[in-house]
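Residue numbers start from 1 in every chain, and the chains themselves are labelled A, B, ... in the order their sequence lines are given, proteins ahead of strands.
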Number of protein chains: 2
Amino acid sequence: MSKPAASNLLDSAVPCCPPMAQQRVGAAAATELAVAFKALGDPVRLQLMSMIASAPGGEICVCDLTPSFEVSGSTISHHLKTLREAGLVDAERRASWVYYRPRPALMRQLATLLTPAGDDLTPS
Amino acid sequence: MSKPAASNLLDSAVPCCPPMAQQRVGAAAATELAVAFKALGDPVRLQLMSMIASAPGGEICVCDLTPSFEVSGSTISHHLKTLREAGLVDAERRASWVYYRPRPALMRQLATLLTPAGDDLTPS
DNA sequence: CGTCGAGCTTGACATGTATCGAATCCGCGT
DNA sequence: ACGCGGATTCGATACATGTCAAGCTCGACG
């Protein structure tokens, strides 16, 4: 559990991703970033991601996620795995329960990437 | 061409989408937003989107997009249709050529949605 | 130990998607 | 009118994905 997450975007020293409105995304970067966007490209996963990202205390138990959906527990687990492998969330087992927390680094990269031309982004 | 784009997020008066780190995304909103993320969840489409978003002059001809990829022209056209129907780009035919331009409104919504907790977003 | 509950994994299936070639459409020149 | 080149659409096919039921793993607690 909590694999290193295939993407090397997370630990890459390269600034990597200015807004796509300012610079084209190369083929290699596109392949990696598309994994993250694809992970968000499902209604269930998007809701899961939002529930994890907005969790008070910074983390949330799977047992608090599952009851919010119509789909089966195994399906939720499968979606969570997708989010994990995309590098968007991190999981940790404590006692009988598994807790998920967001990984803001990638979220911020995606947000920056989508910033339209002329928009300001988190001015220091 | 240039269909109304199924999403009602574009012309909706509702503020709609605070950062997901601040508020859970509802099932209905998730279904619509997931369409946009899914559209970006393919390497070719992500590059296409970045080429359109970064186009000098705010628009770019399909004939300038197609040669950058290995895939066939019909495949590019299909991907562009996906981006159009997701509300991310707009197309216009002029003479023999079709020009694509970005739709910053949705881009900004997605960027805002992904803004992590504690981050500042384009302060007015 | 044994078993119980929470979550993950596996196997299977139906649906969706990416891709291509061929056909079609649409302006433009000749 | 005719053909040409750019772009989209159509039909077909191989592959990926979402979903579930069933089985498995890991701690906890008697």
Side-chain angles (χ1 to χ4, degrees), chain A residues 1-3 5-6 27 30-32 34-49 51-52 55 59-86 88-101, chain B residues 1-3 5-6 27 30-31 33-49 51-52 55 59-86 88-101:
Chain A
M1 190 163 307
S2 75
K3 278 241 305 274
T31 300
E32 296 202 24
V35 174
F37 282 121
K38 191 187 304 184
L40 297 172
D42 178 274
V44 173
R45 283 197 298 266
L46 190 55
Q47 283 183 90
L48 283 170
M49 185 68 213
M51 293 172 76
I52 296 169
E59 63 181 18
I60 187 169
C61 176
V62 173
C63 59
D64 290 326
L65 294 171
T66 307
S68 298
F69 300 89
E70 298 297 321
V71 300
S72 73
S74 69
T75 298
I76 296 293
S77 194
H78 189 245
H79 283 313
L80 288 171
K81 181 179 185 179
T82 301
L83 290 173
R84 248 184 296 139
E85 293 179 343
L88 286 164
V89 301
D90 203 2
E92 179 189 356
R93 172 160 216 137
R94 284 207 303 276
S96 286
W97 297 276
V98 177
Y99 293 85
Y100 278 76
R101 80 173 96 265
Chain B
M1 192 164 308
S2 75
K3 279 240 306 271
T31 301
L33 290 163
V35 174
F37 283 121
K38 191 187 304 186
L40 296 173
D42 178 275
V44 173
R45 283 197 298 267
L46 190 54
Q47 285 183 88
L48 283 171
M49 186 67 213
M51 293 173 75
I52 295 169
E59 64 181 17
I60 187 170
C61 175
V62 173
C63 59
D64 290 327
L65 294 171
T66 306
S68 297
F69 300 88
E70 298 297 322
V71 300
S72 74
S74 69
T75 298
I76 295 294
S77 194
H78 191 243
H79 282 312
L80 288 171
K81 181 179 186 177
T82 301
L83 290 173
R84 248 184 294 138
E85 292 179 343
L88 286 164
V89 302
D90 203 3
E92 179 190 355
R93 173 161 218 137
R94 284 206 303 276
S96 285
W97 297 276
V98 176
Y99 293 84
Y100 278 76
R101 76 170 55 84

### Query
Mapping G41(B) and C61(A) onto DNA chain C by nearest heavy atom, which one lands closer to the 5' end?
C61(A)
### Query
Looking at A86(B) and A39(B), what are the two nearest heavy atoms and their distance?
CB-CB, 3.7 Å
### Summary
Of all heavy-atom pairs linking Y100(A) and V89(A), the shortest is CD2-CG2, 3.7 Å
Output the rounded distance in Å from [atom1] ([X]) to [atom2] ([N]).
X	N	atom1	atom2	value
L46(A)	dG18(D)	CG	P	13 Å
I60(B)	dG6(D)	CD1	P	16 Å
D42(B)	dA16(D)	CG	C1'	12 Å
F69(B)	dA18(C)	CZ	P	14 Å
E70(B)	dT19(C)	CD	C1'	14 Å
E85(A)	dC8(C)	CD	C1'	12 Å
E92(B)	dT8(D)	CD	P	13 Å
R84(A)	dT9(C)	CZ	C1'	11 Å

### Query
How far apart are the C-alpha atoms of F69(B) and M51(B), what are their side-chain angles, what is the distance that settles it, and do they pass the side chain to side chain contact (heavy atoms under 4.5 Å, CB included) test?
CA-CA 12 Å; F69(B) 300 88; M51(B) 293 173 75; 3.9 Å; yes
With respect to the phosphate group of [N], does any side-chain polar atom (N or O) of [X] fall under 4.0 Å of OP1 or OP2?
X	N	result
K38(A)	dT17(D)	yes
S72(B)	dC20(C)	yes
Y99(B)	dG6(D)	no
R93(B)	dG6(D)	no
R94(A)	dG27(D)	no

### Message
Starting the side chain at C-beta, find the nucleotide from dG21(C), dA7(D), dC20(D) nearest to S74(A).
### Response
dC20(D)
### Message
So does K38(B) get a backbone contact from the side chain of R45(B), meaning a donor-acceptor N/O pair under 3.5 Å?
### Response
yes
### Query
Ignoring hydrogens and geometry, is there a side-chain-to-backbone donor-acceptor pair from T31(B) to A27(B) under 3.5 Å?
yes
### Message
Using the rule side chain to side chain contact (heavy atoms under 4.5 Å, CB included), only one of D42(A), L88(A), I76(A), I60(A) pairs with L48(A); which is it?
### Response
I76(A)
### Query
Does the dG7(C) base have a donor-acceptor partner in the side chain of S96(A) within less than 3.5 Å?
no
### Task
Please list residues of residues 75-82 of chain A whose heavy atoms come under 4.0 Å from any atom in DNA chain D, ordered by number; otherwise none.
T75(A), H78(A), H79(A)
### Message
So I52(B) and L80(B), do their side chains get closer than 4.5 Å, heavy atoms only?
### Response
yes
### Query
Which residue lies toward the 5' end of DNA chain D, A95(A) or V71(A), if each is placed at its nearest nucleotide?
V71(A)
